[in-house]
Amino acid sequence: MNYWLMKSEPDTFSIEDLIQCPNQTEPWDGIRNYQARNMMRDQMKIGDLAFFYHSSCKVPAIVGVIEICSEPYDDPTQFDPESKYYDPKSRPDNPRWQLVDVKFISKTNTIALSSLKKYPELKQMRLLQKGNRLSILPISAEEWTFINNLG
DNA sequence: GCCAACGTTGGC
DNA sequence: GCCAACGTTGGC
């Protein structure tokens, strides 16, 4: 069982959008970074839990909990010329990008980035390290429990 | 909108 | 394989 943090820009896809999806489940498409892809493809397991994080917005914050609910599979948007995630260099016989489905579990209180920074217990969080840009980050069990108790 | 900190691309 | 140029992320 692993824990994760997954970023999404709420203007593009928010926790409320996920709640509106059929079965409150949606493919986490559009990942175009190899480190993030590798974590989804190689390390995520069905039943893993993740914090849903709103990024690039007025109040960057953890806003909910989601569950990984599929095996990794090829991201269909990479082959769709109409998609903003279209990757002309990805070949159908050798797809570059994989994704997993995620399911809404619960909303948390809004746990702002500025608030997370206050806790010595969270000093080591990847999210809080300088220069961090990865849209998928691992969370330790200790960090998970600590943050859950804030929400 | 700015810009630091990355990641990627491609010429050599 | 190096590295300059370029593109992107994301907080502020």
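Quantities reported herein were computed from a predicted structural model and do not represent experimental measurements.
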Where at least one partner belongs to residues 58-111 of chain A, residue pairs that pass ring-ring contact (aromatic ring centres under 6.0 Å, His included), sequence neighbours excluded: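 Counting only pairs at least two positions apart or across chains, the ring-ring contact (aromatic ring centres under 6.0 Å, His included) contacts touching residues 58-111 of chain A are Y34(A)-W97(A).
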Where at least one partner belongs to residues 121-151 of chain A, residue pairs that pass ring-ring contact (aromatic ring centres under 6.0 Å, His included), sequence neighbours excluded: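 Qualifying pairs, neighbours excluded: Y3(A)-W144(A), F51(A)-W144(A), Y119(A)-F146(A).
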Would you list the pairs meeting side-chain hydrogen bond (donor to acceptor under 3.5 Å, both in side chains) in which at least one residue belongs to residues 35-46 of chain A, sequence neighbours left out?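 Sorted pair list: N38(A)-R41(A).
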Pairs meeting criterion side-chain hydrogen bond (donor to acceptor under 3.5 Å, both in side chains) with involvement of residues 46-55 of chain A, two or more places apart: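 side-chain hydrogen bond (donor to acceptor under 3.5 Å, both in side chains) check on residues 46-55 of chain A returns N2(A)-D48(A), W4(A)-D48(A).
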Partners meeting side-chain contact (heavy atoms from CB on, under 4.5 Å) with [X] (sequence neighbours left out):
{"X": "K118(A)", "answer": "none"}
{"X": "T25(A)", "answer": "N23(A), C69(A), D101(A), K103(A)"}
{"X": "L128(A)", "answer": "L113(A), L116(A), K117(A), L122(A), M125(A)"}

Spell out protein contact along nucleotides 7-12 of chain B as letters: B when the base is contacted, S when just the sugar-phosphate is, - when no protein heavy atom is under 4.0 Å; keep the 5' to 3' order. SSSS--
Any F13(A) side-chain heavy atom under 4.5 Å of C21(A) side chain: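 Of all side-chain heavy-atom pairs linking C21(A) with F13(A), at least one is under 4.5 Å.
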Quick check on contacts: within residues 75-86 of chain A, what sits under 4.0 Å from DNA chain C by heavy-atom distance?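 Residues of residues 75-86 of chain A under 4.0 Å from DNA chain C: none.
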Strand contacts (DNA chain C) in residues 109-128 of chain A, 4.0 angstrom heavy-atom criterion: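 Going residue by residue through residues 109-128 of chain A, the ones with a heavy atom under 4.0 Å of DNA chain C turn out to be L113(A), K117(A).
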Mind checking salt bridge (Lys or Arg N to Asp or Glu O under 4.0 Å) for E16(A) and listing every partner two or more places apart, or none if nothing turns up?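 If we apply the salt bridge (Lys or Arg N to Asp or Glu O under 4.0 Å) test to E16(A), skipping adjacent residues, the hits are K107(A).
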Could you work out, with salt bridge (Lys or Arg N to Asp or Glu O under 4.0 Å) as the rule, every residue matching R32(A), not counting sequence neighbours?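 Salt bridge (Lys or Arg N to Asp or Glu O under 4.0 Å) list for R32(A), sorted by chain: D75(A).
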